[in-house]
Amino acid sequence: MSALEVDSIDVHYGDFQALWSVSLSVAAGGTLAIIGANGAGKSTLLGAIAGSRRLTNGAIRFEGQDVSSLPAHARVALGITLVPEGRRLFPSLTVEENLSLGGFSRRTGPWSLKRIYELLPIVAKLRHRHANELSGGEQQAVAIGRALMNNPRVLLLDELSLGLAPVVIKSLYAVLPDVSSTGTAVLLVEQDVGQALAAADRVECLLEGRVTLEGDAKDLDRDSLRAAYFGV
């Protein structure tokens with residue numbers, strides 16, 4: 001059974017259709033990268049899975065349970081956790097306070113403050129700093145740690161590398177194998193195709209809200225990726 005299944009979903013913003021019959025599945029412990037240019041519908045897809053975007057057709061199933069009608073907070077309680085684009089930390093709170101808020105649902109699992117500090121040493125060093133004092137890369141690390149505090153079964157990462165220096169990106173991607181080794185399914189939205197291919201088991205490409213390519217990361221060649229990404 002897949003940890004997450006998205007079955008032929010449509011999403012609209014008023015009269016504008018953002019997603020057209022999009023389907024995907026991610027196994028427990030697997031990593032799926034969603035690639036595509038700006039406006040392809042990647043963040044809309046994560047929002048639909050997380051519960052912040054209403055479906056107009058199709059279904060989303062979590063560990064076999066249809067969660068399509070559940071609100072976002074109920075999906076978090078089940079174990080679907082989003083690291084949003086822009087991180088959205090509480091700026092006036094310390095790093096440790098932000099992390100602690102991630103565990104409000106009190107889900108059991110392998111992740112705790114101690115374990116997150118071991119996984120992300122930079123976060124441990126910053127634990128008493130306020131979030132508004134951090135760099136973009138530091139905020140992203142804290143946002144990942146906060147999500148892990150929910151002990152997610154499905155972790156949604158929206159634009160993990162956006163605006164960050166290459167050395168920071170490398171350090172953040174380095175933690176993903178530790179996350180998936182716990183059995184967590186990772187769904188990663190990424191514009192950097194090279195990073196996506198290196199990190200993921202499978203890749204799915206979106207163009208103007210439609211799936212144009214899907215397959216095992218190791219089997220995809222540059223020509224097919226280019227054609228799917230740009231629609232040529």
Measure the shortest side-chain to side-chain distance between [X] and [Y] over non-hydrogen atoms and say whether it is less than 4.5 angstrom.
| X | Y | value |
| --- | --- | --- |
| L24 | L4 | yes |
| Q140 | V168 | no |
| L78 | L70 | yes |
| L155 | N150 | no |
| I144 | L160 | yes |

(request) Decide yes or no on side-chain contact (heavy atoms from CB on, under 4.5 Å) for F90 and R146, but give the supporting numbers first. (result) CA-CA 11 Å; F90 293 94; R146 180 180 62 183; 4.2 Å; yes

(request) Have a look at L19 and tell me which of T56, D10, I9, V211 forms a side-chain contact (heavy atoms from CB on, under 4.5 Å) with it. (result) I9

(message) As a test of understanding, state which of V189, L164, L188, V83 forms a side-chain contact (heavy atoms from CB on, under 4.5 Å) with E159.
(response) V189

Donor-acceptor contact present, side-chain [X] to main-chain [Y], <3.5 Å:
| X | Y | value |
| --- | --- | --- |
| N151 | R107 | yes |
| S23 | S8 | yes |
| S180 | G30 | no |
| D201 | T31 | yes |
| R75 | V67 | yes |
| K42 | G36 | yes |

Taking all non-hydrogen atoms of both residues into account, name the closest pair between [X] and [Y] and its distance.
| X | Y | value |
| --- | --- | --- |
| L176 | A199 | CD1-CB, 4.5 Å |
| L46 | L156 | O-CD1, 3.9 Å |
| I116 | G145 | CD1-O, 3.2 Å |

(message) Quick check: is L157 connected to I34 through a chain of hydrophobic side chains (ILVMFWY, heavy atoms under 4.5 Å apart)?
(response) no

For the atom pair [atom1] ([X]) and [atom2] ([Y]), what is the distance rounded to the nearest 0.5 Å?
| X | Y | atom1 | atom2 | answer |
| --- | --- | --- | --- | --- |
| I35 | Y229 | CD1 | OH | 7.0 Å |
| D221 | K218 | CG | NZ | 13.0 Å |
| I80 | I60 | CD1 | CD1 | 7.5 Å |
| L197 | R222 | CG | CZ | 8.0 Å |
| D158 | T44 | CG | OG1 | 9.5 Å |

(message) Between V203 and L213, does the side-chain contact (heavy atoms from CB on, under 4.5 Å) criterion hold? Intermediate values first, please.
(response) CA-CA 8 Å; V203 175; L213 179 72; 6.0 Å; no

(request) Take atom CD of E208 as the centre, draw a 6.0 Å sphere, and report whether it contains more than 12 heavy atoms from other residues, nucleotides or ligands. (result) no

(message) According to side chain to side chain contact (heavy atoms under 4.5 Å, CB included), who are the partners of R61, at least two apart in sequence or on a separate chain?
(response) E5, D7, A59, D66

(request) Kindly confirm or rule out a cation-pi arrangement of R127 over Y117, judged by NZ or CZ under 6.0 Å from the six-membered ring centre and within 45° of its axis? (result) yes

(message) Using the rule given for side-chain contact (heavy atoms from CB on, under 4.5 Å), can you reason through F62 versus R153, listing the C-alpha separation, both sets of side-chain angles and the distance that settles it, and then say yes or no?
(response) CA-CA 9 Å; F62 168 71; R153 300 298 301 154; 3.7 Å; yes

(request) Please lay out, stage by stage, how V26 and V186 fare under the test side-chain contact (heavy atoms from CB on, under 4.5 Å). (result) CA-CA 8 Å; V26 195; V186 177; over 6 Å; no

(message) Which residue in the set Q195, E190, Q191 passes side-chain hydrogen bond (donor to acceptor under 3.5 Å, both in side chains) when paired with S161?
(response)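 When side-chain hydrogen bond (donor to acceptor under 3.5 Å, both in side chains) is applied between S161 and each of Q195, E190, Q191, only E190 qualifies.
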
(request) Please collect all salt bridge (Lys or Arg N to Asp or Glu O under 4.0 Å) contacts where either partner lies in residues 167-181, sequence neighbours excluded, each pair once. (result) none

